[in-house]
Amino acid sequence: MLSRITRGTLSSAVSALLKQHKVEGRTLAPVAASGLHTKKQKDNKDGDSDKASALVLHSFANVERREKETYLDILRQYKANNKLRTGHVEFMKVALKYMDEFGVNRDLAVYKAVLDVLPKGRFIPTSFYQTITLHYPLQQRITTELLCKMEQNCVIPDYEMQMMLLNTFGAHARPLKKFWRMMYWMPKFANLNPWPCARPAPKDPQVLARLAIYKISSVDPKTKITEFEIKKDKEEAIESTWIVSAMSRLQEELLARHPVDSPIFVEGPYLEWVADQCIDYFVLRAEPTTQKKRVYEDIDDVSDIRIPFWDYKELITPLTVHEQSDGTYFAVCATGTSTKDSLLSWIRCLQKRNPVLISIPVVFKLSSSTKDKMFIDSSKGENEVAQTKD
């Protein structure tokens, strides 16, 4: 009975509305057309903003001077020409992608500028349900990626970035939790590196080689680092280069006691990282002379209890830090060209302080390197490095 009354009421109301539209001479079509026209105008506005955003996205790849000021100018252009900040997630992805190419991946001010692209207040949850769920997930994920990139590049955030995240996402978002974890752990590990390096790392390969050799030879505090400048056509050198060599007084004594009829080897190249740069280095070593005898016995066997008080004990000198299980290391070096000719010049330089090297046969056991090699190019200016691939 109730359903019949409801259907009758609805049908009468619809017929009354249709009669009213007929009397007034209006139809529903113009209303729909008007609404469609408004949507088209909105789509046109969105299309214009999307075109502007696309132009800004391509500006990272098309710019000529890739430096910090140019990077910040692109960010300012996007903020000025896009008041609604449409496409901000895609823009931040492209901005993070080109950070390494512009050399701003270790600059805290640039990370703040990229984070400032997000509109403020729009993504703050207003209910308990929005708080327990991932409110605006794309925006939270791209911000978390920005913080992860800061962590990978050892960039410690500050209090201002915390306020920016609070004004953007509120206090219960995932980026805030990531930020607080970074602020707890990163200051603890910031200065624990025993071989600190300047930031940004120097580009001069000779300076990098000095830092790498110091890092390798720090196992012996008495190691002396010496730099040699090799000139072509002098000292029987085939090429002009530099050599950074490390050798301690203890290593010189080990080399002096080495048998003359036993060869020593120049091996390498091996890789050593200094900050985000890697350097090739070579070692001068000999085969191990002393082999430790390993005696395996059952400590629970009490059938033969020996009293060691009257046994003859042999005095054994402990091995030095340079005498390892795989050989005895005499010296380490890095050269400007990492070639066999430069290593031959290195041996000649070592012969001045170690005349025994004249009598000991030296065998070169070199392997091919697959990474980019750095060498001095006379056509370039000072402190400039040229790179080639094998």
Side-chain angles (χ1 to χ4, degrees), residues 56-57 59-61 63 65-76 78-79 88-118 138-169 173-205 207-212 214-215 271-279 371-372 374 383-385 387:
V56 176
L57 291 177
S59 60
F60 282 104
V63 70
R65 299 177 56 188
R66 306 207 167 193
E67 55 187 8
K68 178 180 177 180
E69 292 301 326
T70 308
Y71 191 91
L72 293 177
D73 289 340
I74 297 174
L75 297 180
R76 297 189 197 102
Y78 175 81
K79 297 174 186 177
H88 51 267
V89 175
E90 292 78 8
F91 178 78
M92 291 181 65
K93 287 183 179 179
V94 178
L96 293 177
K97 176 184 176 182
Y98 284 94
M99 267 189 167
D100 297 335
E101 297 185 16
F102 281 78
V104 294
N105 55 332
R106 298 185 182 275
D107 197 325
L108 178 60
V110 177
Y111 284 100
K112 292 180 182 178
V114 176
L115 182 61
D116 194 46
V117 169
L118 294 172
L138 295 180
Q139 285 75 12
Q140 292 198 40
R141 286 169 185 163
I142 190 62
T143 307
T144 306
E145 290 180 11
L146 183 142
L147 295 174
C148 290
K149 191 174 183 65
M150 292 178 61
E151 187 177 12
Q152 292 171 2
N153 291 278
C154 305
V155 179
I156 302 177
D158 59 356
Y159 179 75
E160 182 182 357
M161 179 167 282
Q162 178 183 355
M163 297 306 300
M164 295 174 67
L165 292 173
L166 286 172
N167 295 332
T168 305
F169 297 104
R174 290 187 180 181
L176 263 298
K177 297 178 182 179
K178 175 66 177 177
F179 172 85
W180 289 327
R181 286 195 296 267
M182 292 172 60
M183 289 299 294
Y184 179 81
W185 288 109
M186 293 186 68
K188 296 179 182 296
F189 296 101
N191 300 315
L192 291 183
N193 188 3
W195 307 284
C197 180
R199 296 289 186 175
K203 299 298 182 182
D204 188 359
V207 177
L208 291 173
R210 189 184 307 114
L211 294 173
Y214 171 74
K215 180 178 179 181
L271 289 182
E272 181 63 33
W273 286 90
V274 178
D276 56 346
Q277 306 289 332
C278 61
I279 291 294
K371 76 177 192 66
D372 297 345
M374 294 182 291
N383 294 337
E384 293 187 4
V385 182
Q387 295 186 355

Min side-chain heavy-atom separation [X]-[Y] under 4.5 Å:
{"X": "M99", "Y": "N153", "result": "no"}
{"X": "L165", "Y": "P157", "result": "no"}
{"X": "K203", "Y": "Q277", "result": "yes"}
{"X": "V94", "Y": "E90", "result": "no"}
{"X": "L118", "Y": "M92", "result": "yes"}
{"X": "I142", "Y": "L96", "result": "yes"}
{"X": "W195", "Y": "V274", "result": "no"}

Y71 side chain to G103 backbone, donor-acceptor under 3.5 Å
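Here the side-chain-to-backbone pair does not exist.
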Looking at T70 and R66, would you say the former's side chain and the latter's main chain have a donor-acceptor pair under 3.5 Å?
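No; judged by distance alone, with no hydrogens or angles, the pair does not exist.
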Counting only heavy atoms from other residues, nucleotides and ligands, does the tally under 6.0 Å from CZ of R65 exceed 12?
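Result for CZ/R65: open.
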Whether over 12 other heavy atoms sit under 6.0 Å from R174 CZ:
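Open.
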Could you tell me which non-hydrogen atom of [X] sits nearest to which non-hydrogen atom of [Y], and how far apart they are?
{"X": "L211", "Y": "C197", "answer": "CD1-SG, 4.0 Å"}
{"X": "Y78", "Y": "V117", "answer": "CE2-CG1, 3.4 Å"}
{"X": "I279", "Y": "P205", "answer": "CD1-O, 4.2 Å"}

Atom [atom1] of [X] and atom [atom2] of [Y]: how far apart are they, to the nearest 0.5 Å?
{"X": "L72", "Y": "E67", "atom1": "CG", "atom2": "CD", "answer": "10.0 Å"}
{"X": "T168", "Y": "M163", "atom1": "OG1", "atom2": "CE", "answer": "10.5 Å"}
{"X": "H88", "Y": "K93", "atom1": "NE2", "atom2": "NZ", "answer": "11.0 Å"}

With sequence neighbours left out, what residues match R141 under salt bridge (Lys or Arg N to Asp or Glu O under 4.0 Å)?
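R141 satisfies salt bridge (Lys or Arg N to Asp or Glu O under 4.0 Å) with no residue once adjacent residues are dropped.
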Scan the side chains in residues 107-115 for donor-acceptor partners under 3.5 Å anywhere in the protein, sequence neighbours excluded, and list what turns up.
{"residue": "D107", "atom": "OD1", "partner": "A109", "partner atom": "N", "Å": "3.0"}
{"residue": "D107", "atom": "OD2", "partner": "K68", "partner atom": "NZ", "Å": "2.7"}
{"residue": "Y111", "atom": "OH", "partner": "N105", "partner atom": "O", "Å": "2.7"}
{"residue": "K112", "atom": "NZ", "partner": "D158", "partner atom": "OD1", "Å": "3.3"}
{"residue": "K112", "atom": "NZ", "partner": "D158", "partner atom": "OD2", "Å": "2.5"}
{"residue": "K112", "atom": "NZ", "partner": "E160", "partner atom": "OE1", "Å": "2.9"}

Show every donor-acceptor pair shorter than 3.5 Å between a side-chain atom in residues 176-186 and any protein atom, with sequence neighbours excluded, or say none if there are none.
{"residue": "K178", "atom": "NZ", "partner": "E151", "partner atom": "OE1", "Å": "2.6"}

Can you check salt bridge (Lys or Arg N to Asp or Glu O under 4.0 Å) on K149 and D100, steps first, answer last?
CA-CA 10 Å; K149 191 174 183 65; D100 297 335; 3.6 Å; yes
Using the ring of each side chain (for Trp, its six-membered ring), is F60 parallel, tilted or perpendicular to F102, with breaks at 30° and 60°?
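F60 vs F102 ring planes: perpendicular.
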Working for side-chain contact (heavy atoms from CB on, under 4.5 Å), residues V104 and Y98
CA-CA 9 Å; V104 294; Y98 284 94; over 6 Å; no
